There are 4 protein chains.
Amino acid sequence: MSDHRTLTGQRRRADTRKRIIEAAIPLFAQGGEVLVIEDFVRVANVSRGTFYNYFRTVEELHEAAEQWQLNILNQQVEAKLVGLSDPVERFACALRFYLETGRQDMAWSGFMARLEHGAGSAAERRFTLDLRQGQKDGLFAKLSSSIAYDVVNGLMMRSFARMAVKKTCGWHLDEVVRTAMRALGASSTKVEQALEIFRQRKAVK
Amino acid sequence: MSDHRTLTGQRRRADTRKRIIEAAIPLFAQGGEVLVIEDFVRVANVSRGTFYNYFRTVEELHEAAEQWQLNILNQQVEAKLVGLSDPVERFACALRFYLETGRQDMAWSGFMARLEHGAGSAAERRFTLDLRQGQKDGLFAKLSSSIAYDVVNGLMMRSFARMAVKKTCGWHLDEVVRTAMRALGASSTKVEQALEIFRQRKAVK
Amino acid sequence: MSDHRTLTGQRRRADTRKRIIEAAIPLFAQGGEVLVIEDFVRVANVSRGTFYNYFRTVEELHEAAEQWQLNILNQQVEAKLVGLSDPVERFACALRFYLETGRQDMAWSGFMARLEHGAGSAAERRFTLDLRQGQKDGLFAKLSSSIAYDVVNGLMMRSFARMAVKKTCGWHLDEVVRTAMRALGASSTKVEQALEIFRQRKAVK
Amino acid sequence: MSDHRTLTGQRRRADTRKRIIEAAIPLFAQGGEVLVIEDFVRVANVSRGTFYNYFRTVEELHEAAEQWQLNILNQQVEAKLVGLSDPVERFACALRFYLETGRQDMAWSGFMARLEHGAGSAAERRFTLDLRQGQKDGLFAKLSSSIAYDVVNGLMMRSFARMAVKKTCGWHLDEVVRTAMRALGASSTKVEQALEIFRQRKAVK
DNA sequence: GATGAATGAGTCTTCATTCAT
DNA sequence: TATGAATGAAGACTCATTCAT
């Protein structure tokens with residue numbers, strides 16, 4: 001009995017939290033005006049008090065929304081990379097999948113473009129590990145990992161920003177991937193193979 | 001009515017405007033907290049009313065400060081490029097000089113890192129013209145100018161952001177330039193020549 | 001969600017709104033100085049924020065207060081006119097009751113004197129309909145309804161203004177009614193009858 | 001020499017004052033927004049400092065403008081009444097001339113409509129004297145002079161207000177005069193004579 | 001846990017007034 | 001006298017946060 005109540009309560013809590021986060025994402029994606037708590041309360045259709053039961057500041061909600069989105073995204077992309085072992089192929093394919101997700105959802109691109117994955121972020125740490133591995137095998141130029149991260153991340157973020165406001169075609173995104181990989185000094189043959197793999201895997205949902 | 005009065009007035013106006021802008025730059029550079037008009041009023045040592053005589057919003061002041069800084073910067077860099085005609089050399093040298101300026105003034109780097117020179121900016125238009133010229137001569141890879149701009153600008157902005165918080169050495173900045181130029185598909189020999197020219201010209205003030 | 005909570009909330013809202021309006025009326029009545037939101041906040045004993053939850057400008061509050069007062073007034077006067085069918089009698093009696101209300105409350109007179117019931121107001125439209133009816137029966141002179149409204153309304157407003165600053169006796173107000181009705185060309189016999197009816201009905205509360 | 005300088009100075013002073021007043025009248029006439037000193041400074045093409053050399057507040061300027069306009073108006077109307085001795089004729093003719101001035105200048109009507117010639121004004125005192133004279137001769141009903149003033153002034157002000165926003169024809173204004181005089185109990189024959197005199201005198205400029 | 005009315009500190013913005021030139 | 005830049009007090013308005021129901 002008590003267990004049932006507890007479980008129901010937890011589920012309701014999680015539901016409300018999810019509702020607030022999902023309603024908030026389009027607002028974050030849109031950009032422009034400053035967002036206030038009232039905005040989130042309105043779109044999520046909850047009261048101010050309820051908002052405070054879950055998040056104490058707009059920033060806290062933003063971080064939760066970011067985690068939420070990145071978790072989903074990373075799971076999806078990981079699934080697409082299954083079986084690929086070559087670092088260059090994995091890298092190029094992952095970038096292309098990220099971009100593809102943005103291509104199919106302009107609002108989501110707006111959301112991504114506004115994230116701060118700068119120096120010191122978790123994203124940078126993971127990126128660095130993968131890069132180092134590839135450099136050991138001589139697959140990337142010998143450049144500082146921070147520069148490598150900056151050039152790739154900078155290009156990706158700006159590409160999301162463009163996709164947020166303008167419909168984009170697939171071969172343009174191929175070109176973005178080629179440019180990023182060229183900056184890292186990767187073999188263009190391998191990049192083309194990766195793009196071919198992407199095309200095959202994209203087809204199968 | 002009297003020329004003298006008119007002139008004196010104009011000079012006073014220009015002085016006050018300059019005072020507000022110059023006092024504002026360190027605030028913009030610092031980043032973090034949201035800036036309110038009171039902040040600028042305090043550091044410029046003028047009254048609120050005076051602020052409104054010159055700028056109607058913080059955004060308007062920010063744009064004025066941006067113009068102010070870029071005018072100075074562009075003049076300085078242009079002076080350094082005198083006599084260089086090869087597009088790759090000019091490009092690489094210019095990037096290196098921009099970075100050098102940031103290296104020597106961390107606060108200024110912070111200011112630059114926060115500028116929005118995104119899609120459609122004046123900076124992009126100028127960049128595109130130069131790039132096209134170089135592409136005609138086969139000096140750059142055949143990539144879309146918007147991607148070229150995004151990769152270079154993205155890398156530069158993130159480099160400024162890093163320089164704003166961490167002392168940086170020159171050879172790291174050389175590497176940034178190499179990476180940017182590699183992304184554009186420029187010949188590494190020419191890039192090395194450009195970096196050599198930079199070293200020579202930097203010495204002579 | 002719960003009916004009880006919803007009802008309680010609505011009641012609280014209505015109470016606060018009423019509190020602000022009723023506290024505001026003496027301020028509007030007083031006239032002279034320009035009224036600022038702080039003034040209403042102080043007399044109603046609510047916070048600035050609360051004021052803005054109900055009214056966005058002083059003008060909006062003023063209109064609400066006007067509606068509030070006129071609703072009460074019209075109900076009271078209607079009650080006094082029950083059973084009177086002759087247009088002249090109804091007209092004269094109504095004017096006299098309006099004036100009587102002012103006579104017994106100088107502050108209220110001040111409030112009324114400052115209302116803008118000019119060209120195009122709801123009051124004018126209703127006045128016009130009644131006047132037309134009387135003109136069909138030959139009870140009023142054949143004058144333009146806008147002029148008729150202006151002369152009656154103008155005299156009434158100025159009478160309120162005088163009553164706001166000086167104690168006034170009943171027979172003076174009888175004279176005001178006689179003058180208004182004379183301007184409309186109504187029979188003085190009927191007007192005297194109407195004033196007699198007023199005297200009888202005033203006695204019985 | 002000194003005399004000449006003094007005279008020139010006085011003339012310039014008067015000119016500037018006149019310039020400010022005349023530029024201000026259309027602003028006062030327009031109504032609606034709150035007027036600030038900046039508004040007058042702009043239309044008169046003088047500096048803020050100069051404004052303060054002549055008027056200390058907007059209210060002071062408004063009173064000066066009112067005097068200015070009424071002086072002109074009264075002189076003109078007096079001239080039109082020359083030779084008329086009957087109080088009713090003088091009264092009716094004067095009202096008709098005032099209205100005619102408004103009819104020919106909508107902006108001026110707006111200015112007049114906003115004046116406060118309420119209880120206790122100079123206008124009321126003069127009105128009272130003329131009325132008493134007529135009452136002695138049995139030409140007006142025996143009504144309180146304050147009521148008489150209120151009914152006539154109230155109707156006139158509202159008529160100006162209407163003329164300020166809507167083109168008006170002469171016979172409508174005749175009707176206004178008839179209504180005002182009927183309210184005072186004046187003989188309609190005399191009023192028609194007065195309106196006839198007005199028509200004759202209006203023709204001759 | 002959910003609600004939303006109330007709060008008041010923080011900012012924005014205007015504008016009368018001063019004063020050095 | 002004329003000018004107009006500078007001032008800062010006054011008022012408008014927002015919004016994060018609390019709390020009784």
Side-chain angles (χ1 to χ4, degrees), chain A residues 5 8-10 12-13 15-17 34-41 45-59, chain B residues 1-2 4-17 19 34-39 41 44-54 56-58, chain C residues 1-2 4-17 19-20 34-39 41 44-58, chain D residues 5 8-10 12-13 16 34-41 45-59:
Chain A
R5 273 216 298 264
T8 306
Q10 287 177 348
R12 264 184 38 193
R13 236 190 112 73
D15 280 355
T16 305
R17 186 183 151 87
V34 172
L35 294 169
V36 300
I37 289 178
E38 167 68 17
D39 296 327
F40 302 106
V41 157
N45 210 30
V46 297
S47 70
R48 288 161 172 281
T50 299
F51 180 93
Y52 278 93
N53 282 338
Y54 295 91
F55 308 101
R56 255 178 317 162
T57 65
V58 170
E59 181 52 27
Chain B
M1 197 164 276
S2 134
H4 175 256
R5 271 213 303 261
T6 305
L7 275 175
T8 305
Q10 287 177 349
R11 209 168 299 138
R12 262 219 296 176
R13 261 194 90 73
D15 281 356
T16 304
R17 185 182 151 89
R19 172 139 57 106
V34 172
L35 294 169
V36 300
I37 289 175
E38 167 69 16
D39 296 328
V41 157
N45 209 30
V46 296
S47 69
R48 285 166 172 285
T50 298
F51 180 93
Y52 280 96
N53 283 341
Y54 294 90
R56 258 179 316 165
T57 62
V58 170
Chain C
M1 199 164 275
S2 135
H4 175 256
R5 270 213 303 263
T6 305
L7 274 176
T8 305
Q10 287 178 350
R11 209 168 300 138
R12 260 219 296 176
R13 260 194 92 73
D15 281 356
T16 305
R17 187 182 149 90
R19 171 139 59 108
I20 296 173
V34 172
L35 293 169
V36 299
I37 287 173
E38 167 69 16
D39 296 329
V41 157
N45 209 30
V46 296
S47 70
R48 286 167 171 284
T50 297
F51 180 93
Y52 280 96
N53 282 342
Y54 294 89
F55 307 100
R56 259 179 314 164
T57 63
V58 170
Chain D
R5 273 218 297 264
T8 305
Q10 288 177 347
R12 264 183 38 191
R13 235 190 113 71
T16 305
V34 172
L35 294 169
V36 300
I37 289 177
E38 166 69 17
D39 297 327
F40 302 106
V41 156
N45 212 29
V46 297
S47 70
R48 287 162 171 281
T50 299
F51 180 93
Y52 279 93
N53 282 338
Y54 295 91
F55 308 100
R56 256 177 318 161
T57 65
V58 170
E59 183 51 28

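Throughout, a chain's letter reflects where its sequence line sits, starting with A, and its residues are numbered from 1. These numbers were taken from a predicted model, which means no experiment stands behind them.
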- Which sits closer to the 5' end of DNA chain E, C:V46 or B:T57, going by the nucleotide each is nearest to? C:V46
- Message: Could you tell me how far apart C:R13 (CZ) and F:dT21 (P) are, to the nearest whole angstrom?
- Response: 18 Å
- Separation of atom CZ in D:F40 from atom C1' in E:dA16, rounded to whole Å: 13 Å
- Under 4.0 angstrom between C:T16 side-chain N/O and E:dA6 OP1 or OP2: yes
- Mind checking A:R56 for me? I need base, sugar-phosphate or nothing, with any heavy atom below 4.0 Å counting as a touch. sugar-phosphate
If you look only at distance, which donor and acceptor atoms sit under 3.5 Å apart when one is on a side chain in residues 45-54 of chain C and the other is two or more places apart or in another chain?
residue : atom : partner : partner atom : Å
C:S47   : OG   : C:T50   : N            : 3.2
C:S47   : OG   : C:T50   : OG1          : 3.1
C:R48   : NH2  : C:E38   : OE1          : 3.1

- Task: Just call it for B:Y54: base, sugar-phosphate, or nothing, with non-hydrogen atoms closer than 4.0 Å on any strand.
- Result: sugar-phosphate
- Item | Rounded interatomic separation in angstrom, taking CZ from B:R12 and P from E:dC19 | 13 Å
- Is there a side-chain contact between A:V58 and A:I37 (heavy atoms, below 4.5 Å)? yes
Give every pair of a protein N or O atom and an N or O atom of nucleotides 9-12 of chain E that lie under 3.5 Å apart, one pair per line with the distance.
residue : atom : partner : partner atom : Å
E:dC12  : OP2  : B:I37   : N            : 3.1

- Between B:T50 and F:dA5, does any side-chain N or O lie under 4.0 Å from OP1 or OP2? no
- C:F51 has an atom CZ; how far is it from atom P of E:dA5, in whole Å? 17 Å
- Query: How does DNA chain E read in dot-bracket, base by base from 5' to 3', with Watson-Crick or G-U pairs under 3.5 Å and | used when the partner is on another strand?
  - Reply: .||||||||||||||||||||
- Query: Atom CG of C:N53 and atom C1' of F:dC13: how far apart are they, to the nearest Å?
  - Reply: 12 Å
- Item | Value in whole Å for how far the C1' atom of F:dA20 lies from CZ of C:R11 | 15 Å
- Query: Could you give the CZ-to-C1' distance, from C:F55 to E:dA6, as a whole number of Å?
  - Reply: 15 Å
- For D:N45 and for B:S47, locate the closest nucleotide of DNA chain F by heavy-atom distance; then report the residue assigned to the nucleotide nearer the 5' terminus. D:N45
- Neighbour count above 12 (heavy atom, 6.0 Å) for C:R17 CZ: no
